[in-house]
Enquirer: 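My questions will all concern the structure given below.
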Protein chains: 2
Amino acid sequence: MEAVFKALADKSRRELLDQLHKSNGQTLGELCDYLDMTRQAVTKHLALLESANLVVTVKRGREKLHYLNPLPINEIYMRWIGKFEQQRVQALHNLKQAIEEKNE
Amino acid sequence: MEAVFKALADKSRRELLDQLHKSNGQTLGELCDYLDMTRQAVTKHLALLESANLVVTVKRGREKLHYLNPLPINEIYMRWIGKFEQQRVQALHNLKQAIEEKNE
DNA sequence: GCAACATGCAACCAAACGGTTGCATGTCAA
DNA sequence: TTGACATGCAACCGTTTGGTTGCATGTTGC
């Protein structure tokens with residue numbers, strides 16, 4: 001959970017997830033094309049995403065294929081964001097009531 | 001957007017949001033009770049949350065009241081997480097296939 | 001008015017972060 | 001087999017981050 005939030009905090013890593021979203025199962029080399037940094041830097045980002053369980057990798061010969069795992073993001077939504085989301089409706093309701101009361 | 005992700009990356013800040021979720025409109029002093037750090041550190045965290053527009057503050061006399069703003073989190077869900085969520089089923093299918101291919 | 005209280009501001013510090021360079025390892029293809 | 005290719009590993013480095021301490025400012029209530 002903590003790892004997922006940390007992983008999502010970086011723009012480059014979100015970009016990588018975006019690319020995998022567009023085309024799943026890309027190699028390290030392919031993913032490097034999208035980011036303006038060295039391969040080693042991209043490796044580090046991918047390692048972090050993998051340790052957060054946001055991407056899963058499979059080795060194929062000398063290549064390493066990267067697959068997106070959307071479950072942790074779903075988890076975050078269910079356990080964390082949904083809670084606040086739920087309150088949003090309540091907050092809007094409260095606001096509506098406050099305005100109505102004011103108009104009386 | 002970037003600011004929101006960065007703000008959510010820290011456990012203490014998520015804890016603060018949680019506390020505001022439980023009881024909205026708390027003062028700095030009250031929020032300090034929940035975290036094991038100095039008031040100044042909490043101030044910094046709240047400033048970051050405020051600059052990410054996740055909390056809104058109102059001054060009342062010598063106190064500062066903190067209110068949760070759930071809209072940015074909703075934004076993240078709508079623009080970012082929802083996209084991955086949608087793909088979830090498809091991605092699981094792809095992953096399953098990739099693993100099967102590997103086992104051959 | 002003044003003492004206690006709630007918060008603000010700034011300098012400082014260690015650790016984590018995001019990136020680099022250099023080199024090693026493993027795999028494919030001719 | 002050997003050279004090119006895809007990736008792995010480790011040391012290093014500037015900047016950001018999360019926290020501290022010390023002091024300043026504004027507000028309340030007696």
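Letters A, B, ... mirror the listed sequences (proteins, then strands); counts begin at 1. Remember, it's a predicted structure, so these values are computed and weren't measured experimentally.
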Enquirer: Consider side-chain contact (heavy atoms from CB on, under 4.5 Å). Of A:Leu49, A:Val55, A:Val4, which one does A:Pro72 pass it with?
Expert: A:Val4

Enquirer: Taking for each residue the nucleotide of DNA chain C bearing the nearest heavy atom, is the 5' side occupied by B:Gly29 or by A:Thr38?
Expert: B:Gly29

Enquirer: Does a side-chain N or O from A:Arg13 land closer than 4.0 Å to OP1 or OP2 of C:dG18, or not?
Expert: yes

Enquirer: Given C:dC17, is OP1 or OP2 found less than 4.0 Å from the side-chain N or O atoms of A:His45?
Expert: no

Enquirer: Mind calculating the distance between NZ (B:Lys64) and C1' (D:dT27) to the nearest angstrom?
Expert: 16 Å

Enquirer: B:Glu50 CD to C:dG8 P: how many Å, rounded?
Expert: 9 Å

Enquirer: Using heavy atoms to find the nearest nucleotide of DNA chain C for A:Asp10 and B:Leu28 separately, return the residue whose nucleotide is more 5′.
Expert: B:Leu28

Enquirer: Got a second to check how far A:Asp10's CG is from A:Leu16's CG, nearest 0.5 Å?
Expert: 9.0 Å

Enquirer: Check the surroundings of atom CG in B:Asp33: do more than 12 heavy atoms from other residues, nucleotides or ligands lie under 6.0 Å from it?
Expert: yes

Enquirer: Can you tell me the distance, in whole Å, between the NZ atom of B:Lys44 and the P atom of C:dA11?
Expert: 12 Å

Enquirer: May I ask you to say whether A:Lys6 pairs ionically with A:Glu2, meaning some side-chain N is under 4.0 Å from a carboxylate O?
Expert: yes

Enquirer: To the nearest Å, give me how far apart CE (A:Met37) and C1' (D:dG14) are.
Expert: 16 Å

Enquirer: I want to confirm an ordering. Mapping B:Arg60 and A:Gln40 to their closest nucleotides on DNA chain D, which one lands closer to the 5' end?
Expert: A:Gln40

Enquirer: Under 3.5 Å, is there any donor-acceptor pair linking the side chain of A:Arg39 to the base of D:dG8?
Expert: yes

